[in-house]
Amino acid sequence: MSKNGKMRVRFAPSPTGALHIGGAHTALFNWLAARHSGGTFILRIEDTDNERSTPEYEQTIMDGMAWLGLDWDEGPKKGGPKGPYRQSEKMCEYTEIADTLIKSGQAYRDGDAVFFRVPTGEQITFDDIIYGEISVASEKASVNTDGTVKDIVLIKSDGTPTYNFAVVADDHGMDVTTVIRGEDHLANTPKQILIYRALGWDTPNFAHLPMILGADKKKLSKRHGATSVFEYKDMGYLPESVFNFLALLGWTPGNDVEIFDRFFAVEKFELSKVTKKPAVFDMKKLDFVNQEHLKAMDPRARYEAIEPFWREMGFDVGKFPAAYLENALVLMGGRGKTTRELAEFSDYFLDFDVVKSRYTANDITPERRENLKNCFGEMLWKFSPDNWEAEKLEDFARGWCDTNGVSLKEIAMPLRFALSGRKVSPGVFEMAALIGRDECRDRLAHFGFVG
RNA sequence: GGUCCCAUCGUCUAGUGGCCUAGGACGCCGGGUUCUCAGCCCGGUAACAGGGGUUCGAAUCCCCUUGGGACUGCCA
């Protein structure tokens, strides 16, 4: 951890794809560790594979992190005292370091490549913050399939450094105190420690995070569906929900608390309390977490979260007062697991055409239609736009049903369909009140529910 | 094959030798509220992989077995 407990940690993605769930999880835990300790979060781009790395992917990874609210203190573009933060920009550093290893006889050139001589008879032991003590014989750290010792490639024939070499050079060069990364790197760590030792460098602390698995318990991949964080954004998951859910994979703040915000997570986070067991990504739980955050939002925030989806659906959001739409969402209550769902479920507040496309009223028998005409006719006659209030409408409807020997349902359901085109909605009278008398009259008239 | 790692309800987890006849949450199944659905409230289902030790006592410590996973690239 180093001086005063402040950690210097880094998230080091290679820009060969969008920010996926696994990467986001790693980034999140690094961010949490940095923020909890009051330390520094570094973003380093590992783009030594120039075949697959692109600036576009680099940007989308940054965008993904920004969406999740994971801000970094040092990194490309932003800069910092230990830059550059893109491996492609510091190639000569790696060759220099490799040269010192060649001079000391610990590495050798073979063609254009540089190989590290793996020593035998040494024991490599380190204390992983999460996994505990790991110990491997040096001759087992890098082997061929037949079990013989295999020297480690430091510099590839094209002059670029390998991952295992660059990561050591950079973590040391950037004064990283704690390397927090996925468990898939656990087996690489002994190789890296060998390089640290050869260079006479202190090793940082290591903390390997459990992997995130799909429902089939296999490492999360494309075949499990959405893997990019932006796919979750598009599906209508809030960034705070994805943050919350990801934090729960391998960690808990304690006291059975499961729904929390970033501030709470930062305060409670403890790297040493992270679980070792791989965690299965469970969409059902994500839905639940999302719904909880959705319910907890104030009307304004909720409106701002839903608005983009309404626009995407083609609605002219701007023609409605924000208060009207906010109230519509308040009425929606706990309905909808995602912002996208909520936007869809509430579409009739913005547009009557969608209602017409869903409902024809041809399920209404002539007798029932007479009832509706009588009831709604009287209702429209009785209440002016100023008196068009939920409680009054409901009282009237109940009273009318009583005196006419009709169940409330007989009135409520057609009203619900006429207004929303759906069989599921918030309370009809609240809905009617918000939509307003005149618009209700028009909608009822369209279906022939008023004389 | 080799090396390393992991193992509590279907899932996420609490649990660090006695408070565990194993707790919470999601899911699922009932019931209640009700103009529908969601929500909310109440209840239920369901786990310490197996076997040996250690100990007065083990989900917790050790060993073995089994089952998973990672790595074993001049990818990262």
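With C1' as the reference atom, G23(B) and C63(B) are 30 Å apart, rounded to whole Å. Taking the C1' atoms as reference points, U54(B) lies 16 Å from G18(B), given to the whole Å. Straight-line distance between the C1' atoms of C20(B) and U8(B): roughly 12 Å, to the nearest whole Å. As rounded to the nearest Å, C26(B) and C62(B) have C1' atoms that lie 35 Å from one another. Spacing of C1' atoms, U66(B) relative to G50(B), comes out at 7 Å, to the nearest Å. Between C48(B) and A59(B), the distance separating the two C1' atoms is 4 Å to the nearest Å. Comparing the C1' positions of C5(B) and G44(B) gives a spacing of 38 Å, expressed to the nearest Å. Comparing C75(B) with U16(B), their C1' atoms are spaced 39 Å from each other, to the whole Å.
For the pair K268(A) NZ and A14(B) C1', the interatomic distance rounds to 15 Å; values are reported in whole Å. Atoms NE2 (H25(A)) and P (C12(B)) sit 12 Å apart, rounded to a whole Å. To the nearest angstrom, C1' of A76(B) lies 13 Å from CG of D170(A). Atom CD in Q192(A) sits about 16 Å away from atom P in C75(B), given to the nearest Å. At whole-Å resolution of the value, CG in D287(A) and C1' in U11(B) are 13 Å apart. Rounded to an integer number of Å, the gap from L154(A) CG to G73(B) P is 16 Å. As rounded to whole Å, 12 Å separates atom P of C74(B) from atom CG of D158(A). Between the CD1 atom of I259(A) and the P atom of G24(B) there is a distance of 17 Å, given to the nearest Å.
Among the nucleotides A76(B), G27(B), C74(B), the one closest to any side-chain atom of K284(A) is G27(B). Closest to the side chain of E258(A), from the set C75(B), G10(B), A25(B), is A25(B). Distances were taken from every side-chain heavy atom of K156(A) (C-beta onward) to each of G23(B), C12(B), C75(B); the shortest belongs to C75(B). If you check C74(B), A70(B), A25(B) against the side chain of F288(A), the one that comes closest is A25(B). Of the listed nucleotides (A76(B), C12(B), C74(B)), C12(B) has the atom at the smallest distance from the side chain of L248(A).
Using a 4.0 Å heavy-atom cutoff across all strands shown, T48(A) reaches sugar-phosphate atoms only and no base atom. When heavy atoms are screened at a 4.0 angstrom cut-off, G182(A) is found touching no nucleic acid atom at all. N188(A) comes within 4.0 angstrom of a base, heavy atoms only. Within the 4.0 angstrom heavy-atom criterion, no nucleotide atom of any strand lies near R422(A). Looking at heavy-atom distances under 4.0 Å, H185(A) makes contact with a base. Residue L415(A) is classed as having no contact, given no heavy-atom separation below 4.0 Å to the nucleic acid.
Across all strands shown, A59(B) has no partner, as no Watson-Crick or G-U wobble contact with both distances under 3.5 Å is found. In this structure, G43(B) and C29(B) make a Watson-Crick or G-U wobble pair, each of the two defining distances being under 3.5 angstrom. In this entry G1(B) has U72(B) as its Watson-Crick or G-U wobble partner, both defining distances falling under 3.5 Å. Nucleotide C48(B) forms a pair with no other nucleotide shown, judged by Watson-Crick or G-U wobble geometry with both contacts under 3.5 Å. Pair check for A7(B) finds U66(B); Watson-Crick or G-U wobble, both atom distances under 3.5 Å. In this structure C19(B) sits in no base pair that meets the Watson-Crick or G-U test at under 3.5 Å. With both pairing distances under 3.5 Å, C37(B) is matched to nothing as a Watson-Crick or G-U wobble pair.
Between D112(A) and K156(A), none of the side-chain N atoms (NZ, or NE/NH1/NH2) sits under 4.0 Å from a carboxylate O, so this pair counts as no salt bridge. Here D363(A) does not pair with R369(A) in a salt bridge; the nearest charged N to carboxylate O distance is not below 4.0 Å. Look at R44(A) and D171(A) and you find a salt bridge, because one of the NZ, NE, NH1 or NH2 atoms lies within 4.0 Å of a carboxylate O, short of that distance. The pair R302(A)-E326(A) does not count as a salt bridge, with every side-chain nitrogen at least 4.0 angstrom from each carboxylate oxygen. A salt bridge links R109(A) with D99(A): at least one charged nitrogen is closer than 4.0 Å to a carboxylate oxygen. Classification of R86(A) and E46(A) as a salt-bridged pair fails, no side-chain N sitting under 4.0 Å from a carboxylate O. Using a 4.0 Å cut-off between charged side-chain N and carboxylate O, E74(A) and R8(A) make a salt bridge.
Nearest heavy-atom pair, R52(A) versus Y57(A), reported as atom, atom and distance to 0.1 Å: O-CD1, 4.2 Å.
Evaluation of atom-type donor-acceptor distances gives a pair under 3.5 Å for the side chain of K285(A) against the base of A25(B).
Using a 30° and 60° split on the angle between ring planes, F206(A) and H208(A) fall in the parallel class, below 30°. Classified by interplanar angle (parallel below 30°, tilted 30° to 60°, perpendicular above 60°), the ring pair Y232(A)/Y237(A) is tilted.
Enclosure of atom CG in N255(A) is not indicated, since only 12 or fewer non-hydrogen atoms of other residues, nucleotides or ligands lie within 6.0 angstrom. Residue E51(A) places its CD atom among 12 or fewer non-hydrogen atoms of other residues, nucleotides or ligands, all under 6.0 Å distant.
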**OP:** Produce a footprint string for nucleotides 1-9 of chain B: one letter per nucleotide, 5' end first; B if the base is under 4.0 Å from any protein heavy atom, S if only the sugar-phosphate is, - if neither.
**Re:** B-SSSSSS-
Original post:
What does nucleotides 34-40 of chain B look like as a protein-contact string, B for base, S for sugar-phosphate only, - for none, at under 4.0 angstrom between heavy atoms?
Top reply: -BBBBSS
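Checking the phosphate oxygens (OP1, OP2) of A76(B), no side-chain nitrogen or oxygen of T162(A) falls inside 4.0 Å.
In this structure D282(A) satisfies the side chain to side chain donor-acceptor pair (under 3.5 Å) test with no other residue, sequence neighbours excluded.
When each of V153(A) and T252(A) is assigned the nucleotide of RNA chain B with its nearest heavy atom, T252(A) is the one assigned upstream, toward the 5' end. Mapping E46(A) and L213(A) onto RNA chain B by nearest heavy atom places L213(A) closer to the 5' end of the strand.
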